[in-house]
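As a basis for the values below, the full set of heavy atoms in this structure was taken, side chains included, without hydrogen atoms, waters or symmetry mates. In what follows, chains carry the letters A, B, and so on, assigned in the order in which the sequence lines appear, proteins first and then strands, with residues in each chain numbered from 1.
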Amino acid sequence: MSESERKARAERLAALRAAGLDPYPARVGPLLRLAEIRRHHDAKDVAALDAAALQVRVAGRVLAIRSFGKLVFMTLFEDGVQLQASFRKPELSPEVLALLALVDVGDFVRAEGVLWRTRTGELTVGARALAVVAKCLHPLPEKWHGLVDVERRYRQRYLDLLVNPEARRIAVTRSRSVTALRAFLDGRSFLEVETPVLQPLYGGAAARPFVTHYDVYDQDVYLRISDELYLKRLVIGGFDRVYEIGHNFRNEGVSRKHNPEFAMMECYQAYADYRDMMELVQAMLQHVVSAVTGGTRVAYREQQIEFGGAWPQLAIRDGILERTGVDVLAAADFATLRARVIEKGLDAGDAPTWGQLVDHLFSLHVEPTLVQPTFVTDYPVELSPLAKRSLTDPRLVERFELFVGGMELANAFSELNDPADQRGRFEEQRRAKAAGDAEAHPLDEEFLLAMEHGMPPTGGLGVGIDRVVMVLCDAAHLREVLLFPYMKPGE
RNA sequence: GGGCGCGUAGCUCAAUUGGCAGAGCAAGAGACUCUUAAUCUCUAGGUUCGGGGUUCGACUCCCCGCGCGCUCACCA
């Protein structure tokens, strides 16, 4: 039966206990880390190792056992590093000999002995002592093909991380990227803060929120869709440079580039505008790319992305004009633009307004072509209720989005700080919501009150961490860079 | 949510027109003192995702459900 292997493991667990050994001891004693051993002794040859006669004690998970009768090899794995242990049966005590027969692939063991090098050149712990420090009750996925089943890779990520080096590499790269991001912002005197995830009113983006319930107050509350409105309150409160790295939640569909829960870095800088944010995000990502790759280039989906140098800017109108022949600024109202689009034989989708149709055209025709880092500018005001109007054209705002690899990685603007204009934008959003736009921004009186107390001119920036990591890791799907992507309950 | 596809041993995968459900690895027994996908011999291992139907006979065809993937929509 399928349970035969689990049964065999359970029997060996019982045998350990019967021999008076604890299969899950609390302490394993002082150890040398496998990475340390490799670092110090990988270069030593047979003679040097024999002369040194280094006694080491190590621990790790058993990834493979190869038995040759009187000689047994075991591959140990600890924190991403492998080291081989060997056991010469004639030299072992009866206790160790008996214990050796009770070790399964997947168990955590401690081994102790002298370092030597095999004929094939493998650095090896010639173990004389052995202990099981944590028993594994299930077989590990097959070592050669690894774990391929996508569903199981996500549901049981611990197995994926164990047997697929790529999964581990992505997780490590992600962590290093975030560390580099923090270091960059800290270096520019930004203060890292934390704002509420659970909010009485959501805001800061155009998205449907998750709603939950607070039992004690018998009130519905929302999971945040962005950090924006709280971070701005901090700027109003006198923190001129703040940032937050956290998760946002948007009650929307899942795709290669979208997950309902995703990581975002948002930062705000007083006395800066969106042009300053351009400089900031460019330097920031160049810093991260350099920290992770050591250079300026990244291979992503069969292409080389060059992060070095100054990144080009593209007005959203110019991008659309170039790709479709439609001048969205010449077709200045919804009906005219829609007619132009249909006349050109292009898809107008079901965009209900001029701004959303512009957005539709852009995401369909321009966005996929923006592989190299590109700043897209001059967004329609109705898509940006929290951004300052452009000085030159009141239909547009001082905003850019950064595109890399055909994906939006960042979004920034000169933050609206005129409370009257802000109230007007909220009113407009309220009308859109009444007209059926489920993603329209809600009117937030508390936020307006804060802004009425005076908010300095401020530049704001949001960076999608998951997507940045996707590019850095050449991951095809957002789920690959999330350790635990959302899965429906199985079984 | 729509369309298309997938679900077989612990893992990775086969199974011809609808005709006895198999292999490699893992597991169990044995041999083997330099392997690292060790090798060799033998053994065991199945509710073919779940439920219903058609049929003499269903892994295979039909219906319903669950999960996953791709894609479109929603969405930055």
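- With both ends at atom P, the span from B:U48 to B:C11 equals 15 Å, rounded to whole Å.
- Taking the C1' atom of each, B:C59 and B:G22 are spaced 12 Å apart, rounded to whole Å.
- Comparing A:H477 and A:S363 against RNA chain B, the residue whose closest nucleotide sits nearer the 5' end is A:H477.
- At least one cation-pi condition fails for A:R61 and A:F77: the charged atom is not both under 6.0 angstrom from the six-membered ring centre and inside a 45 degree cone around its axis.
- Pairing of B:U54, defined by two Watson-Crick or G-U wobble distances under 3.5 Å, is not identified with any nucleotide.
- Relative orientation of the A:F426 and A:H441 rings is parallel, given thresholds of 30° and 60° on the angle between their planes.
- Using P as the reference atom, B:A21 and B:A58 are 10 Å apart when rounded to the nearest Å.
- The side-chain hydrogen bond (donor to acceptor under 3.5 Å, both in side chains) check on A:R66 picks up A:T75, A:Q84, with sequence neighbours excluded.
- Spacing between B:C6 and B:C13 at atom C1', rounded to whole Å, works out to 14 Å.
- When heavy atoms are screened at a 4.0 angstrom cut-off, A:R9 is found touching no nucleic acid atom at all.
- A:E480 and A:A475 get closest at one heavy-atom pair: CB-CB, 4.0 Å.
- The separation between A:M487 atom CE and B:G69 atom C1' is 10 Å, rounded to whole Å.
- Protein atom CZ of A:R152 is 17 Å distant from nucleotide atom P of B:G7, rounded to whole Å.
- For a distance-only test at 3.5 Å, the side chain of A:H145 fails to qualify as a donor-acceptor partner of the base of B:C11.
- Under the side-chain hydrogen bond (donor to acceptor under 3.5 Å, both in side chains) criterion, A:T324 pairs with no residue at all, not counting sequence neighbours.
- With sequence neighbours left out, A:R157 forms a salt bridge (Lys or Arg N to Asp or Glu O under 4.0 Å) with A:D160.
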Between A:E398 and A:R389, does a salt bridge (charged side-chain N to carboxylate O under 4.0 Å, His left out) hold up when you go through it step by step?
-> CA-CA 6 Å; A:E398 294 207 345; A:R389 270 177 220 276; over 6 Å; no
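- As the counterpart of B:U41, B:A29 is assigned, both hydrogen-bonding distances of the Watson-Crick or G-U wobble pattern falling under 3.5 Å.
- Here B:C34 sits opposite no nucleotide as a Watson-Crick or G-U wobble pair (both hydrogen-bonding atom distances under 3.5 Å).
- A:A207 comes within 4.0 angstrom of sugar-phosphate atoms only, judged by non-hydrogen atoms across all strands, and of no base.
- B:G67: Watson-Crick or G-U partner is B:C6, with both key distances under 3.5 Å.
- Only at 4.0 angstrom or more do the heavy atoms of residues 364-389 of chain A sit from any atom of RNA chain B, so none qualifies.
- If you check B:U33, B:U36, B:C11 against the side chain of A:T120, the one that comes closest is B:U36.
- Base pairing annotation: B:G24 forms a Watson-Crick or G-U wobble pair with B:C11, both donor-acceptor distances under 3.5 Å.
- Distances shorter than 4.0 Å separate some side-chain N or O of A:R155 from OP1 or OP2 on B:C68.
- Per the geometry, CD belonging to A:E5 stands 14 Å off P belonging to B:G46, to the nearest Å.
- The listed nucleotides are B:U35, B:A26, B:G28; the one nearest the side chain of A:A8 is B:G28.
- Atom P of B:C4 sits at a distance of 11 Å from the matching atom of B:C63, rounded to the whole Å.
- Contacts between residues 63-82 of chain A and RNA chain B, counted as heavy-atom distances below 4.0 Å, involve A:R66, A:S67, A:F68, A:G69, A:K70, A:L71, A:F73.
- Nearest heavy-atom pair across A:P373 and A:E306 is CD-O, 3.4 Å.
- With hydrogens and angles ignored, a donor-acceptor pair closer than 3.5 Å exists between the side chain of A:Q84 and the base of B:U35.
- Comparing the same atom, C1', in B:U71 and in B:U35 gives a spacing of 47 Å after rounding to whole Å.
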Take A:E36 and A:R39 through the salt bridge (charged side-chain N to carboxylate O under 4.0 Å, His left out) test and state the conclusion after the steps.
-> CA-CA 5 Å; A:E36 289 280 303; A:R39 185 142 44 92; 2.4 Å; yes
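- Across B:U33, B:A26, B:C75, the shortest atom-to-atom separation from the side chain of A:E439 is found for B:C75.
- Heavy-atom minimum distance, A:K433 versus A:Y202: NZ-OH, 3.1 Å.
- Regarding contacts with the backbone of B:G28, a side-chain N or O of A:R12 is found under 4.0 angstrom from either OP1 or OP2.
- B:G69 and B:C62: their P atoms are spaced 24 Å apart (whole Å).
- Rounded to a whole Å, the CD atom of A:E151 is 16 Å from the P atom of B:C6.
- The shortest heavy-atom contact between A:R250 and A:M264 is NH2-CE, 4.2 Å.
- Centroid-to-centroid, the aromatic rings of A:Y243 and A:F184 stay 6.0 Å apart or farther.
- For the pair A:R88 and A:W116, the cation-pi test (distance below 6.0 Å, angle within 45°) is passed.
- Checked against the 6.0 Å centroid criterion, the rings of A:F375 and A:F400 qualify as a close aromatic pair.
- One interatomic measurement links the two molecules: OH of A:Y154 to C1' of B:C70, which rounds to 12 Å at whole-angstrom precision.
- The P atoms of B:G28 and B:A38 are separated by 15 Å, rounded to the nearest whole Å.
- Among B:U36, B:G69, B:C74, the nucleotide with an atom closest to any side-chain atom of A:E122 is B:U36.
- Side chain of A:R208, nearest nucleotide from B:C74, B:C68, B:U35: B:C74.
- A:L147 places its CG atom 20 Å from the P atom of B:A37, with the value rounded to the nearest Å.
- A:E415 has no carboxylate O lying under 4.0 Å from a charged side-chain N of A:K388, or vice versa, which leaves the two without a salt bridge.
- We find that CG of A:D350 is positioned 12 Å from C1' of B:C75, with the value rounded to whole Å.
- Protein atom CD of A:E11 is 15 Å distant from nucleotide atom P of B:A27, rounded to whole Å.
- Ranking B:C11, B:C75, B:A26 by closeness to the A:P139 side chain, first place goes to B:A26.
- At a threshold of 4.0 angstrom between heavy atoms, the contacts of A:G146 are confined to the sugar-phosphate backbone, with no base atom among them.
- Against RNA chain B, the stretch residues 96-118 of chain A makes heavy-atom approaches under 4.0 Å through A:W116, A:T118.
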